[in-house]
Each structure stands twice: as structure tokens, then as C-alpha cells.
Amino acid sequence: MNEQTAASLSFHVPEPEVRPGEQPDFSHVQIPRAGSVPRPPVDVDPSEIRQLAYSIIRVLNRDGEAVGPWAGTLTQGELLEGLRHMMRLRAFDARMLTAQRQGKTSFYMQHMGEEAVSCAFRRALEPGDMNFPTYRQAGLLIAGDYPMVEMMNQIFSNEADPLKGRQLPVLYSAKDYGFFSLSGNLATQFPQAVGWAMASAISGDSRIAVAWIGDGSTAESDFHAGLVFASTYRAPVVLNIVNNQWAISTFQGIARGGSGTFAARGLGFGIPALRVDGNDYLAVHAVAKWAVERARRNLGPTLIEHVTYRVGAHSTSDDPSAYRPKAESDAWPLGDPVIRLKNHLIKLGAWSEERQKQAEAEIRDEVISAQREAESHGTMHSGGRPSPRDMFEGVYETMPPHLRRQRQKAGF
Amino acid sequence: MNEQTAASLSFHVPEPEVRPGEQPDFSHVQIPRAGSVPRPPVDVDPSEIRQLAYSIIRVLNRDGEAVGPWAGTLTQGELLEGLRHMMRLRAFDARMLTAQRQGKTSFYMQHMGEEAVSCAFRRALEPGDMNFPTYRQAGLLIAGDYPMVEMMNQIFSNEADPLKGRQLPVLYSAKDYGFFSLSGNLATQFPQAVGWAMASAISGDSRIAVAWIGDGSTAESDFHAGLVFASTYRAPVVLNIVNNQWAISTFQGIARGGSGTFAARGLGFGIPALRVDGNDYLAVHAVAKWAVERARRNLGPTLIEHVTYRVGAHSTSDDPSAYRPKAESDAWPLGDPVIRLKNHLIKLGAWSEERQKQAEAEIRDEVISAQREAESHGTMHSGGRPSPRDMFEGVYETMPPHLRRQRQKAGF
Amino acid sequence: MARMSMIEAIRSAMEVSMARDEKVVVFGEDVGYFGGVFRCTQGLQQKYGVSRCFDTPINESGIVGTAIGMAAYGLRPCIEIQFADYMYPAYDQIVSEAARIRYRSSGQFTCPMVIRMPTGGGIFGGQTHSQSPEALFTHVAGLKTVVPSNPHDAKGLLIASIEDPDPVIFLEPKRLYNGPFDGRPDRPVTSWSQHPLGEVPEGHFALPLGEAVVRRPGRAVTVLAYGTMVHVALCAAEEAEIDAEVIDLRTLLPLDLETIVASVKKTRRCVVVHEATLTSGFGAELVSLVQEECFWHLEAPILRVAGYDTPYPHAQEWDYFPGPRRVAEALVETMEA
Amino acid sequence: MARMSMIEAIRSAMEVSMARDEKVVVFGEDVGYFGGVFRCTQGLQQKYGVSRCFDTPINESGIVGTAIGMAAYGLRPCIEIQFADYMYPAYDQIVSEAARIRYRSSGQFTCPMVIRMPTGGGIFGGQTHSQSPEALFTHVAGLKTVVPSNPHDAKGLLIASIEDPDPVIFLEPKRLYNGPFDGRPDRPVTSWSQHPLGEVPEGHFALPLGEAVVRRPGRAVTVLAYGTMVHVALCAAEEAEIDAEVIDLRTLLPLDLETIVASVKKTRRCVVVHEATLTSGFGAELVSLVQEECFWHLEAPILRVAGYDTPYPHAQEWDYFPGPRRVAEALVETMEA
Ligand SMILES: Cc1ncc(C[n+]2csc(CCOP(=O)(O)OP(=O)(O)O)c2C)c(N)n1
Ligand SMILES: Cc1ncc(C[n+]2csc(CCOP(=O)(O)OP(=O)(O)O)c2C)c(N)n1
Ligand SMILES: [Mg+2]
Ligand SMILES: [Mg+2]
């Protein structure tokens with residue numbers, strides 16, 4: 001019945017281009033020229049912009065100039081502030097990594113190389129909008145002026161920890177700053193964000209939700225759940241994929257499979273999908289603004305893939321030298337977001353290497369003084385811990401009898 | 001910061017074109033001419049055939065002729081046999097619906113209107129291939145010459161039931177006929193099929209797997225899990241979506257959302273996606289053959305959306321007149337699969353209305369005699385039931401002590 | 001007061017809640033236009049519009065996940081999982097998310113929501129329309145679990161659940177939807193219109209979560225039951241002619257341990273009944289608590305009558321179902337111990 | 001015999017199994033090239049190739065679902081869920097599918113597979129790297145559940161699990177990976193190289209599922225424990241100077257009830273210990289069985305020491321953890337009852 005002979009099948013497992021000891025190689029990553037991708041009107045028919053899921057929107061060119069139709073969404077003052085946000089996040093990370101090594105906290109996760117994504121996106125939001133982030137979007141807090149000392153209190157699980165020591169370090173929650181309680185379980189926030197957005201629409205509100213997920217976590221089923229509901233109810237939500245090329249030890253090909261891009265996952269749902277240079281502060285902001293406006297104007301969800309690179313280890317429990325070449329991050333073709341924005345501002349004549357140095361020193365001081373304050377409330381392995389009594393509180397609004405009995409027996 | 005005013009959001013819930021009491025309307029369903037969709041080579045680059053996810057492959061035209069590049073995959077003898085398979089399935093359904101009304105079984109689910117999908121697909125498979133079906137693919141059994149009397153024994157939960165009364169009627173299992181044990185939980189079979197296919201590839205085998213899912217169930221997360229794994233490992237599997245327009249009371253727009261088609265869900269995974277006229281026996285077979293060949297030649301998965309219509313109720317527990325116009329199925333523009341194949345064969349001069357009548361009578365007799373035999377082993381509400389002792393068997397290969405104690409205490 | 005079936009009582013609870021509080025929204029598979037496969041939400045979309053009662057895609061994790069987002073926003077979702085057997089795809093959202101959001105955010109975000117789901121067998125539903133997964137919820141800190149046994153309680157408890165500030169799992173024994181089933185399928189079905197607990201206040205009324213009720217006072221042995229098994233236990237007590245005190249737990253968590261302990265200290269014997277599989281069922285927790293609290297009063301081992309540790313079979317449903325005969329046997333065994 | 005940590009013993013079990021039977025395949029998140037975040041699969045890909053040991057997308061339902069398909073095909077998947085806390089997305093595939101395929105197909109299809117997952121706290125992992133979900137498996141007919149407490153058993157039980165014809169949940173107390181942790185975080189960590197049970201046969205050896213072992217014979221009270229709590233219980237017995245008989249259950253289902261009953265009938269007292277939350281934990285099942293079987297022998301209520309009914313907190317980990325002090329208190333309380 002079938003002409004083909006019964007040749008043996010064979011099993012295919014995607015492999016990264018290179019492994020430790022080999023020469024980093026990103027020649028397979030296609031990067032369009034800055035300014036070359038068109039900017040459609042926000043009410044465009046999604047089926048007309050499918051190609052945006054296969055390109056990369058970029059604003060900053062090699063010479064540090066902002067070019068093309070996506071340029072011009074931020075003033076110079078805003079850009080200077082943006083640079084400062086990214087620098088602050090980077091300095092914060094550096095201090096906390098050291099604090100972890102010193103045993104002041106059990107765990108930390110850094111953002112090195114990805115600072116532009118959350119910092120620039122944050123600027124496109126209004127007060128009242130709600131992010132449903134992953135652990136790698138602390139830039140939303142920094143750029144939203146959440147006090148660093150509060151972040152440190154959480155990281156140190158000290159007596160001033162707003163989460164009372166209950167959560168793993170970096171699993172922040174900051175409702176008033178539009179930052180939803182972080183989960184340790186990947187992808188669960190995706191349908192939650194969509195639900196929050198649906199609730200806003202149901203309530204005739206004007207606030208929107210923003211969902212965040214990593215490249216590896218798009219494989220999780222809740223990514224699908226989020227897309228299905230967002231598509232069906234045209235929820236006012238922006239769905240962000242941060243493709244930093246790695247998911248702990250697995251390269252993005254394991255999650256992406258035969259697909260062209262992660263953004264393309266949105267096309268099957270009729271959701272407009274854009275890819276953006278995640279190391280380009282201006283491009284991220286422009287795309288965020290476009291998507292936020294769609295949501296706010298009741299035009300429905302947008303999916304954004306932020307193309308970036310995880311320069312550091314996955315977390316303080318990880319050592320990437322076991323699975324990728326050490327110098328890979330240097331070879332990453334989209335460069336460093338801080339340096340790129342700095343160069344742009346210098347090009348504009350609004351900044352200089354000296355002012356950069358000076359700002360770095362200021363920011364370091366700022367972070368150090370915040371740390372000093374936080375440490376005065378205790379660190380993980382010093383005194384000043386949340387009380388064990390707290391452990392029993394807040395499981396329910398009112399403590400049920402069985403928990404009361406348990407606390408009593410525990411003697412707390 | 002944002003120019004737009006804070007206009008109120010509003011909530012969108014997709015609604016079908018018409019509801020009970022209104023005039024059926026399928027004018028929004030775009031149906032290309034038979035023969036108009038090209039047939040690419042099986043080793044085509046998936047990114048070159050994305051448009052196939054938005055069209056409908058059709059072979060039989062209005063005049064009952066087989067036309068275009070997808071025609072010609074079956075001989076006249078095979079077509080005659082195919083007609084008989086569909087008729088047998090329809091007659092089987094009719095008898096079982098009656099049997100349910102008579103209390104001989106607790107439950108039944110019919111295939112009216114969708115017979116071509118499973119019957120034609122089955123022909124493209126080889127012995128040893130494995131289907132992971134839904135409850136609406138009994139055509140795989142009928143066209144695979146699984147004894148009808150065995151199906152009835154299962155439906156009647158009688159003493160000859162191959163599944164010993166353990167399963168809800170129609171949740172068949174027939175390993176030797178390439179039919180995986182049916183689950184009551186939607187979509188779980190999707191990653192399972194992919195896993196079976198991966199196992200075949202890992203083992204250097206030549207057998208392939210076939211997954212089945214309904215339009216409504218594509219919303220389930222396991223649909224995504226299946227696509228992700230199929231894409232990553234290029235598993236030798238054919239992934240079928242049977243879009244019969246309804247999921248119990250919800251029309252396909254609830255699951256499809258803003259998407260153009262269900263087939264388009266595959267594009268984001270780089271999986272070739274085809275849409276086919278599911279009421280066209282020849283088209284289903286041609287597309288099945290194409291996809292099966294891809295899998296067999298280690299070219300990876302294919303996603304197929306079979307466009308059809310659920311003419312009957314969801315199950316014997318359902319009454320569709322509560323949620324859709326009664327005459328909607330008459331208005332369905334792709335016609336009836338049995339009549340269309342019959343007309344084609346008449347056109348070919350290989351068949352006639354008289355032979356059709358005669359075949360109907362023969363098949364009815366065949367089904368009746370199978371039913372008589374099955375009923376001799378008992379029905380749900382007569383004697384001849386599987387023993388309660390069986391209830392404790394087969395939970396594990398070897399009965400553990402606690403189950404032995406429970407059975408002993410039960411006195412069975 | 002009005003006469004209601006359990007379906008009508010549940011519907012009435014949602015209707016009353018939606019009328020009182022526009023934050024209450026209702027959704028699930030087939031729940032909107034059609035009104036649910038068991039018709040519990042019939043008419044709600046017509047009355048309150050598609051924004052407050054709507055159909056969803058078939059994705060239980062999405063249903064619960066979006067409801068969590070809505071609850072965090074400030075709405076009060078009351079959602080339906082079509083059968084309890086289909087809650088597993090949502091289990092992560094329930095356990096890792098709904099149950100923990102208040103705790104992990106130190107109260108910044110809360111999750112007031114109700115997840116309704118029909119449970120239990122007795123309708124020839126086979127293994128995926130018959131399960132009783134309550135123990136999978138009672139093990140999870142942060143959830144409350146409610147199981148009504150009649151229309152009156154169903155309404156009062158559902159309203160209380162919707163008004164509760166925390167996530168509540170609301171299990172509806174589907175075999176009771178239309179009448180007080182006593183576990184004897186050979187007898188004609190009685191309807192709620194014949195039963196005093198089919199009399200239900202029409203307007204708003206809430207029954208506090210965490211209060212059990214004695215359905216049948218007795219001195220010989222305490223029977224702990226909930227849902228369908230309450231009626232089975234009552235029937236067994238009559239048939240065995242044993243003066244059992246039958247307690248309807250109504251809420252499994254928080255549990256009304258006081259009522260239980262008072263009864264067992266009085267009767268000095270205890271039988272626990274449920275339909276879920278025996279091993280690690282909620283009965284085990286009840287046995288543990290009773291023996292911890294009443295050890296010195298007990299005159300016989302506490303017995304459990306429960307579903308066998310097999311999947312729920314289709315044809316052998318009535319062999320599987322822990323009916324009055326099995327309960328009566330346990331009562332006799334306890335009395336003779 | 002060789003000296004092995006628990007990680008090495010688990011790796012050795014997979015290595016031996018893969019060498020003996022080419023049907024054994026190993027996969028999971030970060031399991032292939034990298035060798036797993038706890039390094040349990042290190043070297044397996046190099047030795048047996050990417051077709052037999054490989055990385056997967058991050059989708060637990062997909063991992064278990066594809067493994068079920070592979071098992072139905074005829075392979076023997078031994079898969080890793082990175083942390084037990086992340087098994088919930090796969091719970092439907094485990095409960096509704098893996099556990100029931102043999103039964104519902106009347107043996108046409110079977111599901112021989114092992115799902116390995118690290119469990120338990122004590123590593124400052126917070127609520128999503130610390131859970132002990134064993135009761136969520138023991139309630140499910142069709143699953144077996146295994147929890148080793150040392151390298152020797154881990155290897156023997158894992159090999160037996162891989163060779164078992166049915167699905168086995170293999171829970172690995174991660175606090176024991178590198179040494180026999182006794183629940184006193186203030187003391188220097190001992191390593192398996194100092195412990196007799198760190199001595200493990202190098203080649204193939206299988207320990208039958210369903211056999212408990214007495215770790216410490218005693219006459220005063222029986223302690224039922226598994227995993228990390230075995231070591232905590234031993235420590236508590238020493239510290240309280242109570243002649244406790246400590247039983248390491250090893251397999252929760254099937255359970256070695258005989259060994260348990262024999263011990264309790266001898267000691268007449270019983271304490272049950274686990275790290276999972278108390279309510280509806282596996283301890284409840286143990287208490288129920290012991291009181292059913294040994295009622296007339298018991299001289300005191302059976303006590304449970306378990307995790308509190310809250311999410312596993314981060315900073316208060318050592319207040320939460322049921323350490324030797326709490327176990328010792330229960331021993332004393334039982335003795336004084
Ligand atoms: C449900 C679940 N499965 C597995 C994990 C373990 N885990 C934590 S982070 C991570 C990798 C995520 O990668 P990606 O989504 O790319 O995000 P990134 O860390 O790169 O920002 C994994 C597997 C988890 N936290 N939750
Ligand atoms: C996990 C799960 N959720 C819900 C159901 C209830 N259910 C059974 S069939 C069905 C509709 C499925 O529709 P579709 O996938 O379109 O298949 P069709 O019936 O049209 O063939 C639903 C919701 C189920 N069986 N399993
Ligand atoms: Mg990543
Ligand atoms: Mg359908």
C-alpha cells in the first residue's frame with residue numbers, strides 16, 4: 001500500500017552549536033539592520049504582520065544612533081534615567097551575588113545582560129497596571145522606584161522582610177508597584193495575568209496586565225493556557241517572552257524545537273507577535289509602548305519575544321561552564337544593553353565616559369547604603385529573623401482551629 | 001506619558017453566528033474549490049507551505065469527480081471498501097443509539113457526519129502503527145476490521161467485554177488493531193502518542209504513531225505538550241485535529257479565539273500544518289498518506305485539521321437543540337461524507353443507488369447479527385456481567401496485600 | 001422557603017451572590033449559554049450578561065489560572081470544573097498558586113474564589129466521571145474543602161464559600177443532585193421535594209464553614225460521613241437497627257472536631273465512611289484525629305468503609321460503591337468488637 | 001562493595017539498569033548533557049548516547065506523557081522531575097493515565113516506568129523546593145511509592161523500581177543526597193562515607209518493593225518513618241534515651257504492614273513521623289492501619305509528628321522542620337500517656 005520501504009527511524013535531539021571548549025559561534029543568529037523593520041499602526045490586522053514574528057525590531061545601530069520607524073519614543077531625560085535604572089540593577093546584582101557568597105542569603109538570581117528588557121518595558125506602563133513577572137524581572141521594581149532596601153530585606157529574609165521570611169530570596173511581591181507575587185513554579189503566572197486582564201475588562205477598568213515568561217518556560221503548558229484565554233477573550237494583556245538563549249543548562253533549541261522563533265507561537269492564536277532586540281533599551285520601549293497601547297485601546301493581546309542573552313549563571317546554584325563555552329557571552333552579537341545605551345547618550349552629546357564613571361560610583365554608594373540599612377534588620381545567617389509565629393499566620397485570613405492547635409503545641 | 005485617554009476596556013466573548021431559532025448560516029466558512037490546493041513534496045521545507053494551514057485540501061468536487069493534485073491515492077476497489085466502512089460505522093452508531101435508549105448500555109457517542117475522517121485515515125496506516133484516538137474515532141476500528149461484536153461487548157459491559165466492564169462504553173482499547181486505550185480525560189493522549197513515536201525512533205523501528213484530538217480539546221494544555229515534544233524531537237507522528245465545529249455546547253470559536261484556523265497552531269512549532277475537507281474521503285486519505293510518509297521517512301510530525309461537522313448530539317447525555325439551530329447540519333457546506341463518496345463511485349460507474357440500498361440492507365443485517373451475538377453475552381441491564389472479582393484484578397501486575405485484603409473482606 | 005433540588009439550590013446560591021455583589025463572576029466549560037452540563041448555571045448568563053457568566057475553552061488550568069488572576073484583581077470568581085475527575089490538569093494552579101498566594105505575598109494579594117465540581121459515583125460514569133478527590137485538597141494548606149449533602153446546606157454553604165476570603169473547593173455529590181440517594185439503586189429514586197432538607201430559604205443565607213451537624217442522634221456508635229454517604233449511613237443505621245449517631249461533616253477543612261469528639265466520647269465507637277479510595281483517603285485523617293482525641297474513650301477500633309483501592313469501575317459500580325450493606329456490616333462489627 | 005553517596009548510588013542504579021536492558025531510557029529537564037541539577041544522571045548521556053539519556057523541554061506533563069507513550073511502546077523510561085514541587089503539572093498524566101492504563105486496557109497496555117523526584121526540605125529551598133507530596137501518590141490506585149533513606153537502599157530500590165512492571169514514584173529525600181542528616185542543622189554534616197549504609201554493591205542488586213526494615217530494635221515504642229525522618233527518629237531516640245524501635249518503611253505502597261503490626265504489638269505504642277504537612281498526610285493512613293490492626297494492644301494514642309499545615313517557609317525552615325526535638329517530645333508524651 002505504501003511505496004516507501006521500512007527504513008529505520010532515528011531519534012533527533014537538538015544540540016547547541018557549540019559546547020565547552022569550543023569556539024562560541026552565533027553566525028546562525030540572523031540580525032536585521034537597525035531601523036529596517038516597519039512599524040505598523042496598533043490597530044493593524046494581526047494577519048498582516050506575521051513577518052514581524054520572524055524578524056528583530058532594532059533602534060540603536062552600531063554607531064549608537066537611534067534609527068527607523070520605532071525610534072523616538074523617549075526623551076533624552078528619560079533615556080538618562082533609563083541608563084541609571086539599568087546601572088542600578090547591575091550594581092544591585094553585583095552586591096547581592098557577593099552577599100550570597102558571604103552567606104547573608106541562601107540564594108540569588110542575577111540579570112546580567114538582560115537589564116534593558118524589564119527596565120525599558122516598565123517605562124511604558126501606567127500606575128495601576130500589573131506585571132506577572134518571573135524571577136528575572138527585578139528591573140520592573142528598580143525602574144518602578146521600589147525601594148532597594150525592601151528588596152534586600154526580602155533577600156536577607158530579615159525581620160523587616162515584607163514577605164516575613166516566607167519566600168525564597170528574589171521571589172518578591174509588591175502590589176503597589178504593579179508587581180505580582182512571584183511563584184517558584186514556572187509559567188503559572190501566564191494565565192493569571194490573562195485573568196487579571198480579563199477582570200479589568202469585565203470591570204470596565206482601564207488598567208492592563210503584563211505577563212512574563214522565559215524561553216525555556218514557554219514549553220510549559222500554562223504558556224498555552226495563557227495564549228488560549230488571551231486569544232479567546234481578546235484580553236488587555238501584553239505577553240512577554242524573554243529569550244535569553246538558555247534555560248538552566250538547556251539551550252533555547254530544546255524548547256523551540258523546529259520552530260522559527262518563539263514569537264511565532266503567537267501566530268497560531270491570531271495574536272500579533274513581535275520580536276525585539278532585547279539589548280536595545282529604545283527598541284524594547286518602543287515595542288512595549290506599541291503593545292501597551294493595543295491593550296489599552298481594547299485591541300487585545302500582543303506577544304513579544306525579547307531576544308537577549310543570559311550572561312551570568314542561571315542562579316547562585318548553577319555553574320554554566322559545565323555546559324557552554326566560557327566566552328560565549330562576549331560573542332553575543334547584540335552586545336551589552338548598558339554599554340549600548342551609554343554610547344547612544346554619548347553620541348547624543350548628553351553623556352560622557354566620565355559621567356558614566358561618576359554615576360557608577362554614585363550608584364554603588366546608593367546600593368551600599370541600602371545594603372547597610374537592610375543588614376541592620378538582619379541577614380539570613382545573623383540575628384534578626386522573622387518570627388516562627390509568623391509561619392502560622394496568613395495561611396488563611398482567619399486562622400482555623402487546627403492551625404491554632406499546631407501553633408500552640410509548637411510553643412510559638 | 002501615554003497619549004491615549006483612559007477609555008474603559010470591555011470584555012469580549014466569542015459568539016456563534018446563530019443560536020436556536022435562528023437561520024443556520026455558514027457563509028463565513030471559506031471553502032476553496034476542489035483540486036485548487038497544491039500538493040508539495042513530502043520533504044518540503046515547512047516554512048514554505050504555511051498557507052496550507054489556512055486553506056482546505058479537497059478532492060471531490062460538486063459533480064462527484066476527483067480532481068487536482070491530491071486525487072488518485074486509492075483504487076476503485078479501495079473506494080468501494082471505504083464506502084462500506086463508513087456505512088458500517090453509521091449503521092453501527094444507529095443500532096447502538098437505539099440500544100442505549102433501550103437501556104442496554106449506559107452511554108453512547110456517535111460519529112454522524114464525521115465517518116470519513118477516521119475511516120479514510122486508517123487506510124493510510126501500516127500494521128503496527130499506533131493510534132492514540134479520542135472517543136470519536138471508532139472508524140479506526142471498523143476500517144481496521146476489528147470485530148463489531150467486540151465493540152458491542154465493550155459497550156454492553158457484558159461478560160465477554162474485553163475490558164471486563166471497567167470502562168465507560170466506547171472507551172475501547174485494541175492493541176493488536178493499533179488502537180490505544182481510550183481515556184476519559186481529554187488531550188492526555190497527545191503527548192503519549194508523541195512518546196510512542198519517540199520510542200519507535202529511539203528503537204530504530206519503522207512504526208509511527210497517530211494522535212487524535214477534537215477542536216475543543218486543542219485548548220487543553222496537553223495539546224501544547226504534544227506539539228512541543230513532537231517539534232523538538234521531530235517525532236514520527238501524525239497529529240490530527242478533528243474540527244467538527246462543536247465541543248459539547250461551545251462552538252469552535254471558544255477554543256480557536258482570534259486564530260485563523262486550528263491548523264495554524266502548528267506553525268509556531270515549525271510543524272507543517274494542513275487543513276483538509278474532512279467530509280471528503282479521498283482528500284482525507286491523500287493528506288493522511290502524505291503525512292504518514294513524512295513520519296515514516298523520518299521527516300517529523302505533521303499537523304492536520306480535518307474540517308467536518310458533528311451532526312449528532314455530543315453524546316447520549318446531550319441535547320444540541322438547546323444551543324444550536326436544529327437544521328444547522330443540513331446547512332453544513334461540506335455535505336455528507338457517505339453521500340459524497342457514493343456519488344463519486346456512481347459517477348465512476350462503479351456503483352448505483354440500487355447497490356447502495358442493497359449494501360445498506362446487508363450491513364444492517366451484519367450489525368444486527370453482531371448485536372445478537374453480543375447480547376447473548378449480556379447487556380448492561382440484563383444478566384451476564386463481568387465479575388466483581390475482576391474489579392480488583394489488574395490494578396497492578398501482582399495484586400498487593402492491601403487489595404487482597406479488601407477483596408477478601410468484600411467476599412468476592 | 002422554597003422547594004429546591006440540589007441543582008436549583010446551587011443555582012440559587014450563585015444567583016443571590018451575583019445579585020448582591022457584582023464582583024461575583026461565574027465561568028467554566030459549557031457554563032455560559034448552555035448553563036452547564038448539569039444545568040447548575042442555567043439562566044445566569046441571560047440574567048447577568050456574558051461578562052459575568054461565560055463559556056471557557058476546555059483548559060482547566062486556564063480556568064483556575066485566570067480565576068486566580070481575577071481574584072487577585074478583586075473579583076470573586078465562582079468557577080465550575082465539569083467533573084471533579086477533570087481537576088487534575090488544574091491541580092498545579094490550585095495547590096501551588098490559589099492555596100498559597102495570600103501566604104507568599106503576606107496578604108498583598110488574596111484569592112477569594114470557589115471551585116465547584118461534581119464528585120462521586122453512582123451514575124455509571126466509569127473511572128472519569130465518578131471520583132471523589134477530597135483528600136487531595138485537604139492535604140493542601142491554604143484551601144478549604146466543603147461537601148454538602150442536601151439542597152439546604154448546598155445553598156447556605158455555597159454562599160458562604162463565595163463570600164469567604166480564601167479559596168474554597170466546593171464538591172457537589174452528583175448522585176444527590178436530584179434526590180437524597182441512600183445507596184440502594186434497586187429502590188425507586190426519591191426526590192428532594194419529599195425531603196425536609198429540600199426546603200431552602202429563597203434569598204440570601206449563609207451557613208458558616210466548619211460546622212458539622214448531627215443528622216441522627218444516637219448512643220451506640222458515631223458515624224462520620226459527608227455528601228452522599230450521609231444518606232447511606234442513615235439508611236445503614238435503620239437497616240442494621242443500630243442506634244448510630246450520624247454526623248454530617250459538611251466542611252472537611254476547617255473541620256468541626258469538637259462536634260466529632262463530643263459524639264465519640266459519648267458513643268465510644270466510631271465508623272468513618274467515604275466513597276473515595278480507602279488508602280490515604282480523608283477517612284484516614286478522621287481516624288487519626290479521633291484516636292488522638294478520644295483514645296481513652298474508645299471501646300473498639302475505628303473502622304473505615306470506603307471505595308476500594310481500584311479505579312472506579314463501570315459495570316461493577318454497585319459492587320464498588322460503599323452502600324448501606326457495607327456500612328451496616330461495619331456498624332455491626334464495631335458493636336461486636 | 002563500594003562507597004557511594006546517595007547521588008552516586010542513584011546514578012549507579014540507572015547505569016546498571018541501562019547496561020542490562022537497552023529498553024531503559026532516562027530523560028528530564030537538564031538531565032542529558034549536564035547530568036541533572038543534582039547530578040544524578042551525570043555521565044549517562046556520554047555512556048549511552050543521546051537516544052537513551054536526553055534533555056527535555058520544561059513541561060512536566062510532556063515528560064510524563066511521553067514516558068507513558070514510551071512505556072506503552074515497550075520501553076522502560078526512568079524520568080526525573082527536577083523537584084517534587086514541580087510534579088503538579090504532570091499530576092493528571094500520573095493519576096489519570098500512568099496509574100490506570102493497565103487496568104483500563106485490561107492489560108493490553110502497561111506502564112512500567114519510574115518517576116524520580118527529589119523531595120523534602122532542609123536546604124533553604126522555600127515553598128517550591130521543599131515539598132513532600134507522597135500522600136498525593138499513595139491515595140492513587142495503580143501507583144507504587146518508594147522513599148529510600150540511604151545509598152544502599154536507594155540503589156536496590158531504584159533498580160527494583162525500574163524492573164517493576166508498574167509505574168513507581170521514586171521520592172529522593174534531597175537532604176540525604178550527601179549524608180545521613182539527623183535533623184540537627186547546627187551540627188557538622190556527616191557524609192555517607194562515614195555510614196555503613198553508604199556501602200553499596202557495585203553491580204546489579206534489587207531490593208524488593210514492599211519490605212520495611214527495622215533500623216533500630218527497641219521495646220518501648222515503635223516509630224514509623226521514611227526518608228530523612230528515619231535519621232531524625234534515630235537521633236531523637238538517642239537524645240530522649242527512649243528504647244524506640246525505629247522502622248524505615250522504604251516503600252509506602254505496597255506497605256509492609258506485617259512488620260509494622262508485629263512491632264507495635266510488641267511495643268504497644270507508636271509514633272508516626274513525616275515531613276509533609278500533617279493533615280491528610282501519609283501518617284494518617286499509618287495511624288489508621290495501626291489502630292485498626294493493633295487496637296487491643298495499644299497503651300497510648302498514636303501520635304503524629306509532621307510538617308505544620310502551612311506552606312514550607314524559607315527563613316523559618318528549622319522551626320518548621322520536624323526535627324529530633326519534636327520527635328523526642330512525642331516519644332516522651334507517648335511513654336507518659
Ligand atoms: C514547574 C517547574 N519546573 C521546573 C522548574 C525548575 N526551573 C527553574 S528555572 C528553570 C529554567 C527556566 O528557564 P527560562 O524559562 O528560559 O528562564 P530563565 O531562567 O532563562 O530566565 C527551571 C527548569 C520550576 N521552577 N518549575
Ligand atoms: C480534562 C477534561 N475536561 C473536560 C472533559 C469533559 N468533556 C468531554 S468531551 C468534551 C468536549 C470535547 O470537544 P471536542 O474536543 O471538540 O471533541 P468532540 O466531542 O467534538 O469530538 C468535554 C468538555 C473531559 N472529558 N476531560
Ligand atoms: Mg531562558
Ligand atoms: Mg468538536
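Here is the naming used below: chain letters follow the sequence lines, and residue numbers restart at 1 for every chain.
Most heavy-atom pairs under 4.5 Å with chain C, from the set D:C294, D:A141, D:P301: that is D:P301. The greatest number of non-hydrogen atom pairs below 4.5 Å with chain C, out of D:I302, D:V287, D:T138, is found for D:I302. Per-residue counts of heavy-atom pairs under 4.5 Å with chain D were compared for C:V272, C:L303, C:L298; the largest is that of C:L298. Interface remark: of the candidates D:S96, D:S61, D:A284, D:A284 forms the most heavy-atom pairs closer than 4.5 Å to chain C. Contact tally against chain D (heavy-atom pairs below 4.5 Å) for C:Y308, C:W296, C:F282: the top residue is C:W296.
Heavy atoms of D:Y88 lying under 4.5 Å from chain C belong to its backbone as well as its side chain. Contact annotation for D:A99: neither backbone nor side-chain heavy atoms come within less than 4.5 Å of a heavy atom of chain C. Residue contact with chain D, scored on non-hydrogen atoms closer than 4.5 Å, involves the backbone and the side chain of C:T277 alike. With a 4.5 Å cut-off on non-hydrogen atoms, C:Q93 does not touch chain D at all. Heavy atoms closer than 4.5 Å to chain C are found nowhere in D:E60, neither backbone nor side chain.
Remark: the C:T259 side chain and the C:D256 side chain contain an N/O donor-acceptor pair separated by less than 3.5 Å.
C:Y312 pairs with exactly one of C:W318, C:Y320, C:F83 by the ring-ring contact (aromatic ring centres under 6.0 Å, His included) rule, that one being C:Y320.
A salt bridge is defined here as a Lys NZ or Arg NE, NH1 or NH2 lying under 4.0 Å from an Asp or Glu carboxylate O, and D:R104 with D:E97 meets this definition.
Taken to the nearest 0.5 Å, the NZ atom of C:K174 stands 11.5 Å off from the CE atom of C:M117. Note that the CD1 atom of D:I58 and the CD atom of D:E29 stand 5.5 Å from one another [nearest 0.5 Å].
The backbone N or O of C:V264 sits nowhere less than 3.5 Å from a side-chain atom of C:H297 that would complete a donor-acceptor pair. A donor-acceptor contact shorter than 3.5 Å is absent between the side chain of D:T251 and the backbone of D:L253.
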Problem - Check against side chain to side chain contact (heavy atoms under 4.5 Å, CB included), C:V290 and C:L257 - result: CA-CA 8 Å; C:V290 169; C:L257 191 56; 5.7 Å; no

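At least one test fails for D:R250 against the ring of D:F170: distance under 6.0 Å to the centre or angle within 45° of the axis.
No more than 12 heavy atoms of other residues, nucleotides or ligands lie within 6.0 Å of CD in C:E258, so this atom counts as exposed by the packing criterion.
Residues of residues 118-128 of chain C lying under 4.5 angstrom from chain D, judged on non-hydrogen atoms, are C:Q127, C:T128 in numerical order.
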